[in-house]
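Remember, it's 1-based here, ligands and their atoms both numbered in the order they're listed.
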Amino acid sequence: MTKVITYGTFDLLHHGHRNLLKRAKALGDYLIVGVTSESYDRYRGKLNVQQSLMERIENVRGLGLADEIVVEEYEGQKIDDIVRLQVDIFAIGSDWTGRFDYLKEYCQVVYLERTKGISSTELRDRQHPLIRLGVVGSGRIANRFIPESKFVSGVTVEGVFNPHEDSAWSFAQRHELGFWSSEYEEFLSRVNAVYIASPHETHYEYAEHALRAGKHVLCEKPMVFTASEAERLFGLAREQGVILMEAIKTAYCPGFQRLVSCAKSGKIGRIVSVDATFTKLLPSHARGMRNNGAGGSVTELASYPLLAAFKLLGFEYEEIGFYSYFGQRDGVDLFTQIHLRYSGAIASGKVGLGVKSEGSLVISGTRGYIYVPAPWWKTEYFELRFEDPNEVEKNFYKFSGDGLRYEIMEFLARIAGGRMDEGACELSVRLAGAIEKYRSGGVVRLD
Ligand code: C2G
C-alpha cells in the first residue's frame, strides 16, 4: 500500500484545495491530510486564517478524499509524521517547489501544479473589502506600524495625517504612501479606518472626530486619561456602528494569551501575587520626559503592568496606590511603583523612564509560580516553577517582528465581524480609570 501525505491550512476550502487533494490521493492508495492548528499558523506568520481548526477539518473530511486526518502543530512535525506513519510520498502544491526537498531523505517528494486563479486570500478579500487605513501622527510607533501592517492581509495604509505638513510629507515619502495631509477632515474623507499614534493628549479629540465621521479607530495606548472619556468613545463607536480598539499589543500576542490561560488554569494554584516591571530609559529631550501634562513613566508605560494585573486578577481591586520618584520638582515621574490590593491577592507594577530595572513578570500562586523573563511584554518564553526544581516546565512561543501585526489582525477581525470585544472595551476603560487616579493626585512622592 502506498501512503501519501499532504498538509495545508485549508481555510475557506475551495476547488484549488480539492484538485490538490484529488491528485495527491491518485499518487497512492491511502491519503493522510495534515491540517494546521491555529497556533502553528500563527507561528509560521499566517495571521489571517478565518475558520477554526474544527471547521477546516470538517471541510476536508467532507470532501471524502482523506483516509486519515492529522493536526499539524509544530515545525518539524512533517518528518515525525512521515516516519511514524510510514509515508511513501509527500505531496504539496507547486507554490512550495523546492521548500520541502529536505524531506527526500525520508520519502518521495512531489510538487503538484497549483490551480490558477483561486486562493484563500482572494476569497477572504472578496468577502471583506480591503480596509483603507490612514495613520494619525508620524512618530516612532507610526514608523513601526507601517512595515508590520504588511504582514496582515486585508489592509492597506493609504496616507498619513500630521498638522505639520512637512512631517506628514516626509513620512509619506519614507513609506511610499499614496497621500499626506495636514487637514484632518480631508484626511478622514480618504480612508475608512485610522490608526492614532499622535501624542497621548491628542488621542481623544482625533478618535472622537474619526468616530463621528464613521471611521474605525485603532488608538495607541494610553487611549485616553479618564474612564469617562473612554466610555464616551466606546459609546460613540457603538452608536456609529464602527470599531474602536486600544492598541495594546501585548494583549494580542499569542505567547501572552497562552501565559494568561496557563496561569488561570490552576497549574500554579491560586494566584496571589502579580509583579510586572517595564522600564525604558529615555533621553531627556524625548517627548515622554517632558512635563506637558502627558509625559512620565505612568502615562508612557503603566498600561503594560496594569494589563497583566487586570488579565490575571480581574478589575475588581479594592485599592490602588502609586509611589513615584520624580527626580526634580517640575519634572515627570521617572519611576513609579503601582500597587493594587484585591481581596486575597496583590499586584505590583514598576515603570520607569529614568530608572532602569529588570523587565520581568512573576505570577505567584499557592502551588508554584510563573516566571517570564524580560521583555515579558513581548512574551516569547515563560517557565512554570515549583518547589521541586525537576518539575520546571518551559514554554516557547514565537513573537514575530515588532508584534504590532497581532493587534492589527485583531482590529481587522473585529471590523470583519462587525462587533467590538466587550472585554477589551472594559479593559480600556479600567486602564484609563487607573491612569486617571494617578493624574488626579493619587500619588505619594518619594522626593
Ligand atoms: N493549493 C493549490 N491551488 C490553489 C491554492 C492552494 O494547489 N489555488 C494547494 C497548496 O499549494 C497546498 C494546499 O493547497 O498544497 C493547501 O494550501 P493552503 O491551505 O494555502 O496551505 P499552505 O499554507 O500552503 O500549507 O504545513 C502547511 C503546509 O506546509 C502548507
Side-chain angles (χ1 to χ4, degrees), residues 2-28 30-85 87-128 150-154 254 396-398 400 405-406 409 412-413:
T2 306
K3 276 190 173 182
V4 184
I5 197 163
T6 188
Y7 293 85
T9 304
F10 304 107
D11 191 31
L12 309 173
L13 196 80
H14 52 68
H15 67 268
H17 293 139
R18 193 175 56 238
N19 284 344
L20 187 286
L21 293 177
K22 230 195 250 164
R23 282 172 296 147
K25 171 108 176 172
L27 293 171
Y30 187 86
L31 178 66
I32 306 164
V33 180
V35 181
T36 53
S37 70
E38 277 121 2
S39 59
Y40 182 53
D41 271 331
R42 252 182 263 143
Y43 170 82
R44 66 193 187 112
K46 203 163 176 172
L47 299 177
N48 46 11
V49 178
Q50 247 163 51
Q51 292 183 304
S52 70
L53 172 62
M54 285 321 288
E55 286 174 293
R56 290 180 286 117
I57 288 179
E58 280 315 311
N59 291 344
V60 169
R61 199 194 308 281
L63 291 177
L65 292 162
D67 296 288
E68 186 176 340
I69 295 178
V70 295
V71 176
E72 187 182 26
E73 296 187 87
Y74 59 90
E75 184 85 55
Q77 185 180 326
K78 290 185 178 77
I79 296 177
D80 293 346
D81 287 345
I82 290 166
V83 174
R84 181 174 57 91
L85 301 166
V87 168
D88 304 285
I89 301 173
F90 167 85
I92 195 103
S94 53
D95 44 327
W96 293 97
T97 300
R99 299 274 291 276
F100 291 105
D101 286 357
Y102 69 90
L103 294 173
K104 286 183 180 163
E105 203 183 318
Y106 305 91
C107 68
Q108 195 187 331
V109 173
V110 176
Y111 297 102
L112 296 166
E113 190 60 37
R114 187 182 156 88
T115 307
K116 298 207 169 51
I118 178 82
S119 71
S120 305
T121 309
E122 209 177 288
L123 289 178
R124 280 189 290 262
D125 291 350
R126 227 183 280 162
Q127 265 185 359
H128 303 291
K150 305 208 163 105
F151 287 92
V152 186
S153 70
F396 297 86
Y397 296 93
K398 189 159 172 171
S400 301
R405 62 191 70 176
Y406 303 114
M409 189 179 75
L412 292 190

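The single protein non-hydrogen atom nearest to atom 24 (O) of ligand 1 is W96 NE1, 2.8 Å, given as residue, atom name and distance. Among protein heavy atoms, the minimum distance from atom 27 (C) of ligand 1 is reached at E72 OE1, 3.4 Å. At the shortest separation from atom 12 (C) of ligand 1 among protein heavy atoms lies G93 N, 4.1 Å. Looking only at heavy atoms of the protein, atom 8 (N) of ligand 1 is closest to I118 O, 2.6 Å. Considering only non-hydrogen protein atoms, atom 20 (O) of ligand 1 sits nearest to K46 NZ, 3.2 Å. The protein non-hydrogen atom at the shortest distance from atom 29 (O) of ligand 1 is K78 NZ, 3.3 Å. Scanning the protein for heavy atoms near atom 19 (O) of ligand 1, the closest one is F10 N, 2.8 Å. Of the protein's non-hydrogen atoms, D95 OD1, 2.6 Å is the one closest to atom 11 (O) of ligand 1.
Of the possible donor and acceptor atoms, none in the side chain of D41 sits under 3.5 Å from a partner among the backbone N and O of K46. Looking at E55, its side chain never comes within 3.5 Å of a backbone N or O of Q51 through a donor-acceptor pair.
Among R99, H15, Q77, R114, the residue whose heavy atom sits closest to atom 4 (C) of ligand 1 is R114.
In this structure, H14 counts as a contact residue of ligand 1, since one of its heavy atoms falls inside 4.0 Å of the ligand. Residue contact annotation: K116 has no non-hydrogen atom under 4.0 Å from ligand 1.
With ligand atoms numbered from 1 in the order given, ligand 1 contributes 16 (C), 21 (O), 25 (O) to contacts under 4.0 Å with heavy atoms of G8. Near F100, meaning under 4.0 Å from one of its heavy atoms, ligand 1 places the atoms 29 (O).
For D88 and K3, the salt-bridge test fails: no basic side-chain N is under 4.0 Å from an acidic carboxylate O.
Using a 4.0 Å cut-off between heavy atoms, T9 contacts ligand 1 through both its backbone and its side chain.
Between F100 and F90, the distance separating the two ring centers is shorter than 6.0 angstrom.
Around CZ of F151, the count of heavy atoms belonging to other residues, nucleotides or ligands within 6.0 Å does not exceed 12.
Looking at ligand 1, you won't find any N or O of I92 less than 3.5 Å from one of its N or O atoms.
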